[in-house]
Trainee: 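Before I ask anything, here is the structure I am working with.
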There are 2 protein chains.
Amino acid sequence: MSVSAYELSLQMTRTPRLDDRRERLLDAAARLFREHGYERTSVRQLAEAVGILSGSVFHHFSSKEEILLEVMRSTIERMIARLREASDSGAAIEEKLFNLIRAELELLHGPTRDGVAVTFFQWHSLGQDNQRSILSMREDYEKIWLNALEQARKQGLIDTDPFVTRRLLTGANGWTIYWYKADGPLGLDALASQVCQLMLKPASVAESGV
Amino acid sequence: MSVSAYELSLQMTRTPRLDDRRERLLDAAARLFREHGYERTSVRQLAEAVGILSGSVFHHFSSKEEILLEVMRSTIERMIARLREASDSGAAIEEKLFNLIRAELELLHGPTRDGVAVTFFQWHSLGQDNQRSILSMREDYEKIWLNALEQARKQGLIDTDPFVTRRLLTGANGWTIYWYKADGPLGLDALASQVCQLMLKPASVAESGV
DNA sequence: CAGTCTACCAAGCGCTTGCTTGGTTAGCAA
DNA sequence: TTGCTAACCAAGCAAGCGCTTGGTAGACTG
């Protein structure tokens, strides 16, 4: 670099409105944590990504772990909002389940993918206390799932234990971040259909999209 | 500790037969990597776990990454052997699929669980080259799966794409390490049955165990 | 019984890490 | 104009990291 981070920052408007920089730090953190993992991402790398020096990061966050925590916290909020939307929309339980699956896959592969991937797979990088607090936030998200699956079981659409089913589904969906390419030949709707086909008993699978 | 690592090592038989210490290092590494993750496990911790000093580790391995690589390599060998056993044994394709699922769950929760968990979830801690080499080893393992699933599809037991199905199954099974307790109320056979029930189309699920 | 080799210790090197400290600048309010 | 504050830089500290080096004790070999 021929231009220092300091000079670069002067080219932009200094003292940006509100906590815009904080947002940018969280976005960059989500991306870097996803790409390289939490412990392989240094505070210096993160700072460089938004054009400041490493020490300045601690003006916005009190520790590196707090950044990870905040990435997860804000992500879970969005996840819950998105899932609730899918849960409330559909009428028939079959459609509802499809919408839920599709929503989770969207979260995993849409604009929120960095934060969601980090939330799914990097909670073990948190200390015990923060791990517990994140886990309890995720429970609200899981409750939406369990309600839907319980409903599906009562209506005979599923003959497996809702709890176990959800856990298996969590793994199946979460793992897609390691192989599914959103810009590949398999569309997100088609993927959601396949997942649905595995979950639901009869041939009554919602063939909505694609 | 009131007794130094050195004194401790003198209490044991020095210069143990063959590469027994190497084995012990790999075992300890698998356990520590699984429990705390690769980058959160220091060479010093690993050394202490087997009663030597950190520098001595590099008499057995040329780098920390080589230890991870070796853990994965030896694990994949065992995984392939175990899966091939399951694949060759069963006659009917239904039983075969059940055996494969049960074998993978056994690998994930039996004595090999540390290495298997590390192999499943920590390949991103390897450098690019080693990542590729491990990935190519895993392909042999996946081939066994794909063969079985393709066979199942031909016989109408499955109506989803074998490749996609396997990926989803990988996630579902792998994720069990985060929630399934082998000493809990749900037996391994029961779990395998539930997974089978999700995979296979009709009620023709093998209800062998539990 | 000398020579060799394996497995280790003891010490520490060079580097990176998360984080702190003290000072500086731009923007805003009175 | 002055005073305050948020946002940052510049410098660096202490701790921990992976790994190296030089030496040595004990077992094995001819």
Side-chain angles (χ1 to χ4, degrees), chain A residues 1 3-26 28-29 32-33 36-71 122 125-127 130, chain B residues 1 3-26 28-29 32-33 36-71 122 125-127 130:
Chain A
M1 273 207 296
V3 184
S4 79
Y6 180 53
E7 290 172 284
L8 262 175
S9 80
L10 288 181
Q11 290 171 18
M12 315 180 206
T13 320
R14 195 66 172 286
T15 318
R17 313 255 159 261
L18 286 160
D19 35 20
D20 163 275
R21 261 282 156 63
R22 199 184 138 97
E23 270 326 300
R24 288 191 56 204
L25 271 168
L26 287 174
L32 289 169
F33 290 169
H36 310 115
Y38 172 75
E39 20 265 318
R40 289 169 98 94
T41 303
S42 69
V43 175
R44 276 164 244 262
Q45 284 178 306
L46 173 57
E48 200 192 338
V50 300
I52 60 177
L53 289 191
S54 68
S56 308
V57 169
F58 296 94
H59 174 73
H60 301 277
F61 300 95
S62 67
S63 70
K64 187 189 174 189
E65 185 170 335
E66 199 195 84
I67 301 176
L68 178 59
L69 189 68
E70 187 53 25
V71 164
Q122 311 219 32
S125 291
L126 291 172
N130 287 333
Chain B
M1 274 207 296
V3 186
S4 78
Y6 179 55
E7 289 172 286
L8 262 175
S9 80
L10 287 182
Q11 291 170 19
M12 316 180 206
T13 320
R14 196 68 173 284
T15 318
R17 314 258 159 256
L18 286 160
D19 35 18
D20 163 273
R21 263 281 156 64
R22 197 183 140 100
E23 269 330 299
R24 289 192 55 204
L25 272 169
L26 286 175
L32 290 169
F33 291 168
H36 310 116
Y38 173 75
E39 20 264 319
R40 289 170 98 96
T41 304
S42 70
V43 175
R44 276 164 245 260
Q45 284 178 308
L46 172 57
E48 200 193 338
V50 301
I52 60 176
L53 290 190
S54 68
S56 308
V57 169
F58 297 95
H59 174 75
H60 301 278
F61 300 95
S62 67
S63 70
K64 187 189 174 188
E65 185 169 337
E66 198 195 86
I67 300 176
L68 178 58
L69 188 69
E70 188 54 24
V71 165
Q122 311 218 32
S125 292
L126 290 171
N130 286 333

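Lettering follows sequence order; numbering is per chain, from 1. Since we're looking at a predicted model, the values are computed, not measured.
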Trainee: Pick out the pairs of N or O atoms, protein on one side and nucleotides 15-19 of chain D on the other, that lie under 3.5 Å.
Mentor:
residue, atom, partner, partner atom, Å
D/dG18, OP1, B/K64, NZ, 2.7
D/dG18, OP2, B/V43, N, 2.9
D/dG18, N7, B/R44, NH2, 2.8
D/dG18, O6, B/R44, NH2, 3.0
D/dC19, OP2, B/K64, N, 2.6
D/dC19, N4, B/S54, OG, 3.2

Trainee: Whole Å only: how far is the CD atom of A/E48 from the C1' atom of C/dT17?
Mentor: 16 Å

Trainee: From CG of A/L46 over to P of C/dG18, roughly how many Å is that when rounded to an integer?
Mentor: 10 Å

Trainee: Which pairs would a plain distance check flag for residues 51-63 of chain A, meaning a side-chain donor or acceptor within less than 3.5 Å of a matching protein atom at least two apart in sequence or in another chain?
Mentor:
residue, atom, partner, partner atom, Å
A/S62, OG, A/E66, OE2, 2.8
A/S63, OG, A/E66, N, 3.1

Trainee: Taking salt bridge (charged side-chain N to carboxylate O under 4.0 Å, His left out) as the test, write out the residues that go with B/R40, two or more places apart.
Mentor: A/E39

Trainee: Rounded at 0.5 Å granularity, tell me how far CG in B/L68 sits from CG in B/L126.
Mentor: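 If I round to the nearest 0.5 Å, the distance is 4.5 Å.
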
Trainee: Hey, what do you get for NZ (B/K64) to CD1 (B/I67), rounding to the nearest 0.5 Å?
Mentor: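 B/K64 atom NZ to B/I67 atom CD1 measures 8.5 Å (nearest 0.5 Å).
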
Trainee: Rounded to the nearest angstrom, tell me the gap between atom CG in A/L32 and atom P in C/dG18.
Mentor: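 Interatomic distance, CG of A/L32 to P of C/dG18: 12 Å.
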
Trainee: Roughly how many Å is it from NE2 in A/H60 to C1' in C/dG18, rounded to a whole number?
Mentor: 17 Å

Trainee: Does A/S56 make a side-chain N or O approach to OP1 or OP2 of D/dC9 shorter than 4.0 Å?
Mentor: yes

Trainee: To the nearest 0.5 Å, how far apart are CD in B/E70 and CZ in B/R22?
Mentor: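 One gets 5.0 Å once the value is rounded to the nearest 0.5 Å.
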
Trainee: Please report the distance, rounded to the nearest Å, between CG in A/L53 and C1' in C/dC19.
Mentor: 14 Å

Trainee: Looking only at the side chain of A/H59 (C-beta and beyond, no hydrogens), which of the listed nucleotides D/dC9, D/dA6, C/dC9 gets closest?
Mentor: D/dA6

Trainee: Tell me the closest heavy-atom pair linking A/L46 and A/A28, and the distance in Å.
Mentor: CD1-CB, 3.9 Å

Trainee: Between A/I52 (CD1) and C/dG18 (C1'), how many Å, whole number?
Mentor: 14 Å

